[in-house]
Amino acid sequence: MSKLPLDFFLNNNVQEVAQNLLGQTIYTNINGNISSAMIIETEAYQGPEDKASHAYNNKRTKRTEIMYKNGGCCYIYICYGIHYLFNIVTNKINIPHAVLIRSGKVISGLEYIKKRRGNHIPNSKLLQGPGNFTKGLGIDMRFNGLYLDKKQIWIKNTSTVKKQIITAPRVGISYAEKYALLPWRYILKN
DNA sequence: GTGCCGATGATCT
DNA sequence: GATCATCGGCACG
């Protein structure tokens, strides 16, 4: 169980990285409080060609600039004014691919995660959904632009060799026309 | 379990 | 001023 090296994210196939991330364990350290989660749901966003991506057509703005960095970098943005969404930039510099992390399963730091989410939330739902995932792990805009080899955030290689993956269309992007139908959402079975 | 709906603000035109 | 890579609460039944 070793830390994932950053070159894991330099792969030029973002769909492959999104699938390889399933079963890996992500850690956050918020003021010394460490919590971790197994990644169980991801979505691939293939920048320039993908109408659902913020970087469609190589669009460069202040917000999307992070996506043009080298793979292994965190891309955080606010969705619907309320929720932080966590993406990992993939591929080489100037190629704006990214993987959205949608759901996880608590591995450690349950007490911190419950505190951030509220005690009435059942354990199985603590990190379900992209907004809940970031809230539970304490991820916010401070993480935007951080690489995954920092003391605040990192990923350990805990994926089993054999895993069963369910594919599905991505969520909340009906405006993306034919790209909305592509099965670029990946869910770990069980 | 499913379905509707308001909250809420950064971002871009 | 419009557009969202969402969530929780409430109404069903």
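Proteins come first, then strands; the chains are lettered A, B, ... in the order of their sequence lines, and each starts at number 1.
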Quiz item: Where the side chain of A:N87 is concerned, which of C:dG8, C:dA5, B:dC12 is the nearest nucleotide?
Solution: C:dA5
Practice problem: With heavy atoms under 4.0 Å as the rule, sort A:R63 into base, sugar-phosphate or nothing. | Solution: sugar-phosphate
Quiz prompt | Identity of whatever pairs with B:dA7 - Watson-Crick or G-U, under 3.5 angstrom | solution = C:dT6
Quiz prompt | Length of the CG-C1' vector between A:L126 and C:dG8, whole Å | solution = 14 Å
Quiz item: Is there a donor-acceptor contact under 3.5 Å linking the side chains of A:S108 and A:S36?
Solution: yes
Quiz item: Do the side-chain N or O atoms of A:Y77 get closer than 4.0 angstrom to the phosphate oxygens (OP1, OP2) of B:dG9?
Solution: no
Quiz item: Can you check the A:L100 CG to C:dC4 P distance for me, whole Å?
Solution: 16 Å
Self-check item: Any side-chain donor near an acceptor of the partner, A:K51 and A:N57, under 3.5 Å
Solution: no
Quiz prompt | 5′-ward residue of the pair A:M141/A:K125 relative to DNA chain B | solution = A:K125
Self-check item: Side-chain heavy-atom pair A:I139, A:T28 within 4.5 angstrom cut-off
Solution: yes
Quiz item: Rounded to the nearest Å, what distance is computed from the CD1 atom of residue A:I82 to the P atom of nucleotide C:dA5?
Solution: 14 Å
Practice problem: Can you figure out which of C:dC7, C:dA5, B:dT8 approaches the side chain of A:L85 most closely? | Solution: C:dA5
Self-check item: Among B:dA7, B:dT11, C:dT6, the nucleotide that comes nearest once only the side chain of A:V171 is considered
Solution: C:dT6
Quiz prompt | Between P of C:dA5 and CG of A:D50, the distance in whole Å | solution = 11 Å
Quiz prompt | Separation of C:dA5 P from A:N132 CG (nearest whole Å) | solution = 17 Å
Quiz item: From C:dT6, C:dA5, B:dA10, pick the nucleotide closest to the side chain of A:H83?
Solution: C:dT6
Quiz item: Quick one: which of B:dC12, C:dA5, C:dG8 gets closest to the side chain of A:Y75?
Solution: C:dA5
Practice problem: For C:dC7, take OP1 and OP2 only and decide whether either is under 4.0 Å from a side-chain N or O of A:R117. | Solution: no
Exercise. Please report, rounded to the nearest Å, how far the C1' atom of C:dT6 is from the CD atom of A:E43.
Key: 12 Å
Practice problem: Return the value, rounded to whole Å, for the distance between atom CD1 of A:I78 and atom P of B:dA7. | Solution: 19 Å
Practice problem: Take A:I121 and A:G172, find for each the nucleotide of DNA chain C with the closest heavy atom, and name the residue whose nucleotide sits nearer the 5' end. | Solution: A:G172
Exercise. Give me the ring orientation class for A:Y77 and A:H54: parallel if the planes are under 30° apart, tilted from 30 to 60°, perpendicular past 60°.
Key: perpendicular
Quiz item: Under 5.5 Å between ring centres and under 30° between planes: does that hold for A:Y45 against the base of C:dA5?
Solution: yes
Exercise. Check the distance between B:dT13's C1' and A:K62's NZ and give it to me in whole angstrom.
Key: 17 Å
Practice problem: List the steps and the verdict of side chain to side chain contact (heavy atoms under 4.5 Å, CB included) for A:Y186 and A:Q19. | Solution: CA-CA 6 Å; A:Y186 306 103; A:Q19 293 175 71; 3.5 Å; yes
